[in-house]
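Every chain is numbered from 1 and lettered A, B, ... according to where its sequence line falls, protein lines coming before strand lines. Note: hydrogens, waters and symmetry copies are ignored here, and every other heavy atom, side chains too, is used.
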There are 2 protein chains.
Amino acid sequence: MEESSILEKLCLFGMTRQEANIYLCLYQCGELTGYEVAKQTGISRSNVYSALSSLADRGAAYLAEGSTSKYIAVPIEEFCNNKIRQLNTEKEFLLKNIPTIKSQEIGYLTITGYKNIKDKVINMLREARLRVYLSASASFIQELEEELLETLARKNKLVLITDQVLKNDVLRSESVCYIGEEKGNSVRLIIDSSYALTGELLGKKEDTCLYTGQENFIRIFKDALRNEMRLIELTKGEK
Amino acid sequence: MEESSILEKLCLFGMTRQEANIYLCLYQCGELTGYEVAKQTGISRSNVYSALSSLADRGAAYLAEGSTSKYIAVPIEEFCNNKIRQLNTEKEFLLKNIPTIKSQEIGYLTITGYKNIKDKVINMLREARLRVYLSASASFIQELEEELLETLARKNKLVLITDQVLKNDVLRSESVCYIGEEKGNSVRLIIDSSYALTGELLGKKEDTCLYTGQENFIRIFKDALRNEMRLIELTKGEK
DNA sequence: ATTTAGTAGTTCTTTATAGGAACACTATAA
DNA sequence: TTATAGTGTTCCTATAAAGAACTACTAAAT
């Protein structure tokens, strides 16, 4: 349902489910008393009152003072921006104050969960300073469109090996693009000949991939990609 | 303590306290097995194992696969950025999909909590398109330095009424700045002659302020500020 | 007297934390 | 070689804290 997915998103910003419900109710109805909110949402009044004051504490609702106190929802953009700004501040603090990491070679790491893998891919792309080889289905590359454009904007060489002609013009013209056979769900990525990632992505929590900075592995991995490109050149021709 | 404040910040990014502890431990020690983490932190082993897999799910730890599985902390910047990027995505979704707000006049709203009030001030400054009048202690203005500079950068007229000469050169030269008597904790703000905020800020959760878009109030409020400025001009002279 | 507004308190459920028990594996000392 | 200690992991129970549901009570406004 539309409704419940909105509620989930709101929860990500730190509300409980009940608070999210009440926030949404305020959002739709405007100024309401606790009593009215309870009527609208079916949530017991006692909880409504405590949730309302908690929403006010979190900066998600304002109090419209009068003879009787009514609450009003803080505009969603304002609320989200506040939260995000806060996290940025906390991030800066953490960067300064966290005890230094014991630097260590990156061996072979397993990353689990589709979202985390995609995050890693994005972070790798952002680290790229020279060249990026990416082999993946066209649909996955489409998902990364923005990031890839930024990678290009930072003057990286970008080589894409995929299974369908890409929709994006800039991507098509500014990257070297090989169109080969069906990629399925496999993703392979090499950054600056220093880091590599490979895995089968189904979009699920159970997805796993291998990430490494080991030279030997990367050398072999690069050869494999290079061969794939040659093969495509020989059979269908470079796109 | 340093330690515990770092833990709290990490919790803001969605970890439980225990997970934060373990994350920090991984951060300091590098690659560790669950067993080792338990030894280091004193957390029971069973909980360590579940917390570790939960950290991996959240994208805060990677698995360094080997004969025995070791975990390694995801660099803090990477982790924070992922979270913030996610929230930005969720924000966009919410902006598009949330049922439209019932537009209503802004009456008199009470905002509670120092942090929320400061957030509102920041949001008001960002909305400004013409002019900003701000009366507050020099220390509070210092806290808002960045935001005020951006307000100026957007070609707004900025009038500051405060109690000490400001440190920031740009702020001093590009805004109209009145130095009067001790401001204490009172803050007054008018944006584009349309919105006003006033309150006493002690930096606590109990702080409250009044925010309004009511014309009558703003007119009176503006007069009050104007008088204050005249008074300063007559006694000490404009700075 | 009934609707509205608000507070207080109880119960139930879920999540977070704490710890024990069991099991498998690997060193190494007797 | 086998007993013993140490390591790595999973599963299961117990307690504590947070969230949610619901009931009861007060008090003003209609």
Donor-acceptor under 3.5 Å (A/R129 side chain, A/R126 main chain): yes
Where protein sits on nucleotides 7-13 of chain D, one letter per nucleotide: B base, S sugar-phosphate only, - none, heavy atoms under 4.0 Å: BBBBB--
Distance in angstrom units between A/D57 CG and D/dA18 C1', rounded: 16 Å
From A/L225 atom CG to A/I218 atom CD1, the distance as rounded to the nearest 0.5 Å: 11.5 Å
Residues in contact with DNA chain D, drawn from residues 8-19 of chain B - heavy-atom cutoff 4.0 Å: none
Derivation and outcome, side-chain hydrogen bond (donor to acceptor under 3.5 Å, both in side chains), residues A/N82 and A/R85: CA-CA 5 Å; A/N82 289 343; A/R85 183 148 26 80; 2.7 Å; yes
Pairs flagged by ring-ring contact (aromatic ring centres under 6.0 Å, His included) wherever residues 108-144 of chain B is involved - sequence neighbours left out: B/Y108-B/F217
From NZ (B/K222) to CG (B/N227), nearest 0.5 Å: 13.0 Å
B/K91 vs A/N81, side-chain hydrogen bond (donor to acceptor under 3.5 Å, both in side chains): CA-CA, chis, key distance, verdict: CA-CA 8 Å; B/K91 180 183 83 177; A/N81 285 341; 2.9 Å; yes
Rounded distance [0.5 Å steps], NZ in A/K204 versus OG1 in A/T112: 15.5 Å
Pair A/D119 + A/K115, salt bridge at N-O below 4.0 Å: yes
